[in-house]
Every structure is written in structure tokens, then in C-alpha cells.
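The structure displayed is predicted, hence computed values, not measured ones.
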Amino acid sequence: MSAPAQSGLYIVATPIGNLGDLSRRAEETLAAADIILVEDTRVTGKLLNHIGKKSRMMVYNDHKSASDREAILDAVRCKIVALVSDAGTPLISDPGYKLVRDAQAAGLYVTTIPGPSAAIAALTLSGLPSDRFLFEGFLPSKTKARTESLAALKTLNASLIFYENGSRLGAMLADSLSVLGDRKAAVVREITKRFEEAVTGSLSELSQRYGAEKPKGEIVVIIGPPGAPEAASDEEIEAALREAMVRLPASKAAGEVARMFNTDRKALYELTNRWKSEK
Ligand code: SAM
């Protein structure tokens, strides 16, 4: 790929710890940018030093006023404007959403140079189901608000991804245990850095461990989906079948209860016939 030539907004993902993860396209885009929108000029300045470039940086966050964003969009109309965050993918618990929204609404060219994000990297290291997941970002720091947020996620059949920090980790895991029950989980730390680790276990094990220990560095917590509901007893299934037979013909009652308990419809239908012949 050659350096970008078209004016527009380029969303550029940057490494989350290991500079070797800066992609060639990301490097070329940053080198070609007329302006780089950054969270912190010192952090992105180090990245630019690493690639030996000195592009112009401007601080951006989504709290800027609409008129400030309008001024940035004026630049996007005729220049190559790159958007980065301190680390990882912009907009993912980082600034950028409002700018992208407004740039698209104004009909400007917007593209992304994808790359690392701690959420996805942690999911891949967690050993937990990765087919369905929900990214929640940072939970509130106060227990009441945090437990309310967790309660809203309780019935979701998906792995849950949270950003966290070492000093709040123990309390966050304890609240998760009390609201979500004792699920499988992983504390993934310092991804792509020297002390990268993924500590897996049940929420009770992890909350005990991190109740006593406040780990350093950057952390993602992954909590697995709720386990399969406990298998229903024969008595529960028969009671549901008798109740359904009051409302429905036997074949439909057997079908409804089979779906409800994920069990064999034919066997239930035969049971209804046996009950009828015993009368
Ligand atoms: N936009 C970034 C991304 O795509 O990963 C995330 C920005 S968010 C402000 C920063 C949080 O991401 C950290 O507090 C931590 O929870 C997580 N994080 C970032 N880098 C990490 C790493 N190397 N290892 C583990 N977690 C990381």
C-alpha cells in the first residue's frame, strides 16, 4: 500500500504496548498526515519519534464543542487528518465517536486503519467463549452503580469484556461474583508487554486472589456467559406436561414442554398416551 493521498479522516489504531504492532499502513498514514488528532501529545510524540516523523499534532477529545469539531472538519475537507488515541483503537473507550459521526454526516471521506485493541486481544487470551461477547468498557467505580450495571448484563448469553485498573479490581470482581454468580473469568494483564499474563479461574477464586493483591499495569477482565441451567428433574418436567395438557392437545403440549426443557418430544408424547390409558 502506498501512503494515503485523499483528504479525509483516517482512524488509526496504534500498539497497546509493543511498538512492533504498529502496522505498515498505520505508519504510512501517520507519516503522511497533515494533522494528527491525539489525546496526549507526549504519548503520540513517542510513537512519532519511533517512526522518525514529526507530523503536526492537535489535542482532540469528544468534549470539544461542536464549533471546535466544525473547525476540525474544515481541515478534514482538504487535508489528511489522522485520529489516534494513546493506545489501541480510537473510539473504543477513547475519543472519536462524535468526530466520526459529524464527518460522515458532512459527507466527508472517513476510513479506518484497523489494528490492536485490548478488548479483543484479551478475549483471545481468556480461554472463554469468543463466539458471542459484549464489550462494556469501564464499569462505574461506586459499588451501587456498578452492581446496577452488572445486573443489567446478568441474563446475557455472552462473554462480558470490561476494562479495569489494579486498585478497583478486587471490588469489581467481588461485585461481579455477587451479581452474576460464580462464573468462569479471566484477568488479562499487560497484553503484548513484558509481564503479559492471563489468570483464569472462577469469580470466587479470582475475587479472593485480587481482594488481597492489587496488580500493577493495564487490565482487562473477561467474564464467561452464564452456565447451562441445571437439568430439570423428571418431576418438574411431568408437572409442566400435565399443566400444558390442560391448555393444549397432547401433541402440542409435548412439543411445548420438549422445547422448554430441551428434551425429547416423542418420549413426552408417549407419556401423555400412557397417562390417558391409565385413566
Ligand atoms: N482504545 C483502547 C483499545 O482499543 O484497547 C482502550 C483505551 S482505554 C482508555 C484503556 C484501557 O484499556 C486500560 O485501562 C486497560 O483496561 C485496557 N488496556 C489497554 N492496553 C492494555 C494492555 N496492554 N493490556 C491490558 N489492558 C489494556
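- I35 and A75 get closest at one heavy-atom pair: CD1-CB, 3.9 Å.
- You'll find the side chain of S176 stays beyond 4.5 Å of the side chain of R183, heavy atoms only.
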Working note: L271 + E238, criterion side chain to side chain contact (heavy atoms under 4.5 Å, CB included); need CA distance, chi angles, decisive distance, verdict. CA-CA 9 Å; L271 186 59; E238 287 183 22; 3.9 Å; yes
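- Among residues two or more places apart in sequence or in another chain, the side chain to side chain donor-acceptor pair (under 3.5 Å) test is passed with D21 by none.
- Listed by first then second residue, pairs satisfying side-chain hydrogen bond (donor to acceptor under 3.5 Å, both in side chains) with a partner in residues 52-61 read Y60-D62, not counting sequence neighbours.
- Judged by distance alone, with hydrogens and angles left aside, the side-chain atoms of E196 form a donor-acceptor pair with the main-chain N or O of T192 at under 3.5 Å.
- Considering every non-hydrogen atom in both A244 and V257, the closest pair reads CB-CG2, 4.0 Å.
- Here the straight-line distance linking atom CG of L125 with atom OG of S130 works out to 11.5 Å at 0.5 Å rounding.
- In this structure, G137 and S93 approach most closely via the heavy-atom pair CA-OG, 3.8 Å.
- L73 is listed as a side-chain neighbour of L99, based on a closest heavy-atom distance under 4.5 Å.
- Residues V38 and V43 are members of separate hydrophobic clusters, defined by side-chain heavy-atom contacts under 4.5 angstrom among Ile, Leu, Val, Met, Phe, Trp and Tyr.
- Within the model, atoms CG of L47 and CE of M57 stand 9.5 Å from one another, a figure rounded to the nearest 0.5 Å.
- Within the structure, side-chain hydrogen bond (donor to acceptor under 3.5 Å, both in side chains) pairs that include any residue of residues 152-167 comprise E164-R168, N165-S167 (at least two apart or interchain).
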Might you work through the side chain to side chain contact (heavy atoms under 4.5 Å, CB included) test for L37 and V84, ending with a clear yes or no? CA-CA 6 Å; L37 303 173; V84 300; over 6 Å; no
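- Of all heavy-atom pairs spanning T89 and A13, the tightest one is OG1-CB, 3.7 Å.
- Under the side chain to side chain donor-acceptor pair (under 3.5 Å) criterion, E218 pairs with K193, not counting sequence neighbours.
- What you find for S207 and A174 is that their closest heavy atoms are CB-N, 3.8 Å.
- Partners of D74 by side chain to side chain donor-acceptor pair (under 3.5 Å), not counting sequence neighbours, listed by chain and number: R77.
- Residues passing the salt bridge (Lys or Arg N to Asp or Glu O under 4.0 Å) test with E256, sequence neighbours excluded: R247.
- Under a 4.0 Å N-O distance rule, the pair E205/R209 does not qualify as a salt bridge.
- Counting only distance, with no hydrogens or angles, the side chain of R189 and the backbone of A198 share no donor-acceptor pair below 3.5 Å.
- Linking Ile, Leu, Val, Met, Phe, Trp and Tyr residues whenever their side-chain heavy atoms come within less than 4.5 Å places F138 and F135 in a single cluster.
- We find the OG1-CG distance between T44 and N49 to be 11.0 Å, quoted to the nearest 0.5 Å.
- Put simply, CD1 on I72 and NZ on K79 are 13.0 Å apart, with the number rounded to the nearest 0.5 Å.
- The closest side-chain heavy-atom distance from L83 to V12 is not below 4.5 Å.
- By the neighbour-count criterion of 12 heavy atoms within 6.0 Å, atom NZ of K276 is densely surrounded, having more than that number from other residues, nucleotides or ligands.
- Membership of the apolar cluster around L160 extends to L134, L139, L150, L153, L156, F162, L169, M172, L173, L177, V179, L180, V187, V199, L203, L206, Y210, I219, V221, I223, as traced through chained side-chain contacts below 4.5 Å between ILVMFWY residues.
- Looking at residues two or more places apart in sequence or on another chain, you find a side-chain contact (heavy atoms from CB on, under 4.5 Å) between A254 and R265, L268, Y269.
- L128 contributes atom CG, which lies 8.0 Å from atom OG1 of T200 (distance to the nearest 0.5 angstrom).
- Here the CG atom belonging to L30 is positioned 4.5 Å from the CD1 atom belonging to I36, to the nearest 0.5 angstrom.
- In this structure a side-chain-to-backbone donor-acceptor pair under 3.5 Å is present from D34 to I80.
- No chain of hydrophobic side-chain contacts below 4.5 Å, direct or via other Ile, Leu, Val, Met, Phe, Trp or Tyr residues, connects Y97 to Y10.
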Might you work through the side chain to side chain donor-acceptor pair (under 3.5 Å) test for S233 and E236, ending with a clear yes or no? CA-CA 5 Å; S233 66; E236 282 169 311; 3.3 Å; yes
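- The list of side-chain hydrogen bond (donor to acceptor under 3.5 Å, both in side chains) pairs with a residue in residues 102-126, not counting sequence neighbours, reads R69-D102.
- Counting heavy atoms from C-beta outward, P90 and P95 have side chains that stay 4.5 Å or more apart.
- With sequence neighbours left out, Q208 forms a side-chain contact (heavy atoms from CB on, under 4.5 Å) with no residue at all.
- Taking T143 as the reference, R146, T147, D175 meet the side-chain contact (heavy atoms from CB on, under 4.5 Å) condition, with sequence neighbours excluded.
- Side chains of E39 and V59 form no contact here, defined as non-hydrogen atoms less than 4.5 Å apart.
- Counting heavy atoms from C-beta on, the side chains of T272 and L241 come closer than 4.5 Å.
- Each salt bridge (charged side-chain N to carboxylate O under 4.0 Å, His left out) pair with one or both residues in residues 42-51, not counting sequence neighbours, appears once here: D40-R42.
- Residues I92 and I222 share a hydrophobic cluster, clusters being chains of Ile/Leu/Val/Met/Phe/Trp/Tyr side chains in contact below 4.5 Å.
- The side-chain heavy atoms of L108 and L9, taken from C-beta on, include no pair separated by under 4.5 Å.
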